[in-house]
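First comes the structure, then the notes that go with it.
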Number of protein chains: 2
Amino acid sequence: MAELPLPPGSTIGILGGGQLGRMLSQAASRLGFDVVILDPEENSPAGRVSRGQIVAAYDDPTALGVFGRVCDVVTFEFENVPAASVERLAEAGALVAPGPTALAVAQDRVDEKTFLNAVGATTVAFAPVDDLADLQAALETLGTPALLKTRRDGYDGKGQVWIKSPKQAEAALAELGGRPAILEARAAFTRELSIIAARGRDGSVAVYPLGENKHAGGVLRTTNAPAQIDAKTEKRARAIAASILDGLAYVGVIGIELFDVPGKDGGDGTLLVNEIAPRVHNTGHWTQDGCVCDQFEQHIRALAGWPLGPTKAHAQVEMTNLLGDEVEQWSKLAAKPDQRLHLYGKAEARPGRKMAHVNRVKALT
Amino acid sequence: MAELPLPPGSTIGILGGGQLGRMLSQAASRLGFDVVILDPEENSPAGRVSRGQIVAAYDDPTALGVFGRVCDVVTFEFENVPAASVERLAEAGALVAPGPTALAVAQDRVDEKTFLNAVGATTVAFAPVDDLADLQAALETLGTPALLKTRRDGYDGKGQVWIKSPKQAEAALAELGGRPAILEARAAFTRELSIIAARGRDGSVAVYPLGENKHAGGVLRTTNAPAQIDAKTEKRARAIAASILDGLAYVGVIGIELFDVPGKDGGDGTLLVNEIAPRVHNTGHWTQDGCVCDQFEQHIRALAGWPLGPTKAHAQVEMTNLLGDEVEQWSKLAAKPDQRLHLYGKAEARPGRKMAHVNRVKALT
């Protein structure tokens, strides 16, 4: 078993070789760690900046055994990691973080919302839906419009459909292919916020200033951080983050998406948790140019058992994702002194694919 | 031949796989480039964070041919690159930067000082020394104490000896093994400063704020930047940097070490150029945490034909090298929120070896 805190020169494994794995690898190498990637795609973005890559499926038991033996600590760039893979890694001797509970909760929307409400992090009203009878009952309780989602495996707006009237119930179920689902009431939110937070192996918690996010077509377009927010709401957000992290006995960085619901008749508003991602998060990319210790270094620090780094912002940052051929703007953006480019090294700019992001840095106001 | 500006996805080659190559590689990968290292040592610090490494001697013609073909642009982390190797790389189709003139000038202390004085960048008085007669004549002209150095191949205080009286001439020559040498007059400086500057392929020049350096045993210990300096001296330093860069038709980042010599009787002081290093420089590591575009990204931008990045400091930084077993302080330093650790991934902490550096970040005063 690895000694903690993990000394420089140790090996950190990352399951998944996309841009999140790449930026985690870069952060780990700045701290003197070696990094090995496991990803079925050869020469993945992360593999190309790491000590090595094991090219194998995420559930390949032999590959996982080797990976677990060569790595002191293993982490993930995505949450849909098979539970059996995590077990295999732990058996092979790697410390795995975040742990199986966090993954299980994040993989199932019903379990996730049940957990969140149990730790006092309010969500929209919801109901599990296994068949048409469930859905009809849920629509009666939650009203319309309501959002039907698969319980598992959805991301970037995929696997979900709005139901505007009870008549659409059957078609909506069919659209999701009859998979186990969840019906969510519509939240009357005015904006989407997110929290990037971390918990260390010693239970310490560090929370970054909130970001305000804009999505289009289910995909994140921009994050503006620190978000304009009153002190009371900020405090509430920090308490939500701590409850979630402690409730999961979490180790690493987590991304928490929130709905900001204004109060009625001048009363206090509410923050509803939309979903959690047990990993570094696209809405935390602003920290690379807004904080001295970004979310990637923070995650590495947490899993290596190092003290968490500072989370204060020293700049106002607007992060914009460059999707598909928008990456061709690189040469124009490179000429702007306030725009910090982060390119992922992906060869093929397929439509909608996250190719890069740019952080526009302004002085704090 | 590579198209310029070099698009992301292109391959940048770095001759030398130490910490400078490693930090260059990390900067290049943030901009979406692939990096290949050539270094005779397997699994070099830079190789471990790059797409690949060619393990071969720096003058191996076959290896250089392959390296030059797979890379669009090639650069160096050290200045003692054989001229024949540069030719081989260019023949194989790689754009090489900085160019042969800069390397030749930086490799020979007599050529270097001759060039510097020719472009108006004053140095201490000096004389080439090939034999005892040369040295005796030079000691008569320059006086004692004076510093005898090999013309080529010295670094970190190696290959140099102080001569305190003419009687020591013969022994000093013997100590340098009879190699071609240079005698330098002693400068009455009060402190050592350095300039990190860059020149783009379009001839644009960008200069970072000056750093103030402290050495011990010929090795850099700390850089404090931006240095406390009056506007007139700062302007003079910037002019020196521009003269040198333009005089060499330079492309990339250069490190320029200066002696700050105070004026007599309240008159203006002088900046003498001690030496130039045609590469990123240890005294520029502070830019990683003091500027949005650090010297490593700046070098990559210059050689890729991208616009140069901003050089303004947003923080006061004290950079300290961690030599040999000083790197064992990592866990203490990791707990300090104002200390930014940069570890090089070197396995063996030999005495005096540069293992890491730490940037202490303070608000600008």
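All heavy atoms count here, side chains included; hydrogens, waters and symmetry mates do not. A note on names: the letters A, B, ... follow the listed sequences, proteins ahead of strands, and every chain is numbered from 1.
- Among A/Glu328, A/Arg301, A/Arg340, the residue making the largest number of heavy-atom pairs under 4.5 Å with chain B is A/Arg340.
- Looking at B/Ala334, the atoms closer than 4.5 Å to chain A (heavy atoms on both sides) sit in the backbone and in the side chain alike.
- Nearest heavy-atom pair across B/Leu6 and A/Trp330 is O-CH2, 3.6 Å.
- When heavy atoms are compared at a cutoff of 4.5 Å, A/Ser50 approaches chain B solely by way of its backbone atoms N, CA, C and O.
- Proximity to chain B (any heavy atom under 4.5 Å) is restricted, for A/Glu297, to the side chain, taken from C-beta onward.
- Contacts between B/Asp338 and chain A at a heavy-atom distance below 4.5 Å are absent for every atom of the residue.
- No part of B/Pro45 comes within reach of chain A, as not one of its non-hydrogen atoms sits under 4.5 angstrom from that chain.
- Only the side chain of B/Asp34 comes within less than 4.5 Å of a heavy atom in chain A; its backbone stays farther off.
- For NZ of A/Lys362, the number of neighbouring non-hydrogen atoms (other residues, nucleotides, ligands) closer than 6.0 Å is greater than 12.
- Neither the backbone nor the side chain of B/Gln53 comes within contact range of chain A; no heavy atoms are under 4.5 Å apart.
- Residues B/Leu31 and A/Leu343 share a closest heavy-atom pair of O-CD1, 3.0 Å.
- Heavy-atom distances place no part of A/Leu333 under 4.5 Å from chain B, backbone and side chain included.
- When all heavy atoms of B/Arg30 and A/Gln26 are compared, the pair lying nearest together is N-NE2, 3.7 Å.
- Of the residues considered (B/Val35, B/Asn43, B/Leu308), B/Asn43 shows the highest number of contacts with chain A, using heavy-atom pairs under 4.5 Å.
- Shown here for A/Pro337 and B/Pro310, the closest heavy-atom pair between the two residues is O-CG, 3.5 Å.
- Taking CZ of A/Arg48 as the start and OG of B/Ser29 as the end, the distance is 10.0 Å to the nearest 0.5 Å.
- A/Cys293 contributes atom SG, which lies 11.0 Å from atom CG of B/Leu341 (distance to the nearest 0.5 angstrom).
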